[in-house]
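Whatever order the structure lists them in is the order used to number ligands and atoms, beginning at 1.
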Amino acid sequence: MQPIGIFGGTFDPIHYGHLRTAFELWQALRLSEVRFLPAGNPPHRQLTHASAELRVAMVKAAIAGQPGFVLDDREVRRRGVSYSFDTLTELRAEFPQRSLCLLLGMDAFLGLPDWHRWRELLDLAHIVVAHRPGWKAPTMGPLGELMVDHGTGSIRDLHEKLAGRIYIRAVTQLEISSTDLRQVITSGQDPRYLVPEDVRRIILETGCYARERRDGT
Ligand code: ATP
């Protein structure tokens with residue numbers, strides 16, 4: 001059975017940096033699917049900008065028609081704080097015999113030691129790290145040590161074991177971030193070609209980033 005990819009984020013908004021990364025990992029790792037999990041009320045940040053419902057709608061629009069790309073809105077439905085540990089525990093119970101791969105950009109991986117019960121995440125899933133412009137893999141500290149103990153260069157490991165390995169993968173470097181995108185939109189510029197057209201339409205029609213707005217729902 002092929003591994004399941006789990007790609008969480010605030011997706012505020014989702015952009016081509018997310019989509020291309022997910023697509024390349026889906027292909028390279030021969031994942032059965034990539035589950036996009038928009039965060040409800042993320043513990044690592046303040047409030048999101050667009051509402052959870054709109055962020056879900058944008059993810060849905062962005063992945064429509066792509067085989068293997070699936071929306072999983074459990075964190076949004078759960079409301080309140082959602083920890084990756086809890087989500088992975090749920091997914092592990094739902095798929096006891098499947099390899100699970102948590103997909104992270106390098107910036108997210110470097111922040112891992114701040115996550116709730118972070119060391120236990122590797123009991124539940126593999127961690128696959130995609131390079132992201134401007135971020136380097138850790139060689140020292142707790143993550144450097146984690147890499148020594150759990151690092152692998154073999155995709156086969158991700159298929160043969162259910163969890164416990166860390167695999168770093170180079171992907172096409174697209175220097176797009178949701179923060180920069182929101183800046184582009186608030187300043188009245190057009191986000192065309194940074195996000196899928198259907199996502200752009202939602203952004204323009206709802207005006208969700210048109211002005212400074214905080215919405216934790
Ligand atoms: P923000 O600018 O608000 O921090 P973001 O663009 O980093 O947002 P998130 O929703 O926080 O988007 O990211 C979800 C996941 O996607 C994280 O693991 C992040 O590292 C990864 N990611 C985001 N943008 C890129 C990109 N351009 N290339 C590769 N990975 C990315």
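The atoms of ligand 1 that sit less than 4.0 Å from any heavy atom of L174 are 26 (C), 27 (N). Residue R182 approaches ligand 1 through these ligand atoms, each under 4.0 Å from one of its heavy atoms: 3 (O). Every atom of ligand 1 with a heavy atom of F11 under 4.0 Å away is listed here by number and element: 10 (O). Applying the 4.0 Å criterion to heavy atoms of T179 picks out, from ligand 1, the atoms 1 (P), 2 (O), 3 (O), 4 (O). Distances below 4.0 Å separate heavy atoms of S178 from the following atoms of ligand 1: 1 (P), 2 (O), 3 (O), 5 (P), 6 (O), 8 (O), 12 (O).
With respect to the salt-bridge test (charged N to carboxylate O, under 4.0 angstrom), the residues E94 and R74 qualify. Comment: R200 engages D190 in a salt bridge, judged by a side-chain N to carboxylate O separation of less than 4.0 angstrom.
A donor and an acceptor atom, one from each side chain of Y167 and R169, are located under 3.5 Å apart.
The distance criterion of under 3.5 Å between nitrogen or oxygen atoms is not met by G8 with respect to ligand 1.
Classification of the F7-F36 ring pair by plane angle, with boundaries at 30° and 60°, yields perpendicular.
Contact check for R35 versus L91: side-chain heavy atoms found under the 4.5 Å cut-off.
Of the listed options D12, T21, V59, T21 places a heavy atom closest to atom 28 (N) of ligand 1.
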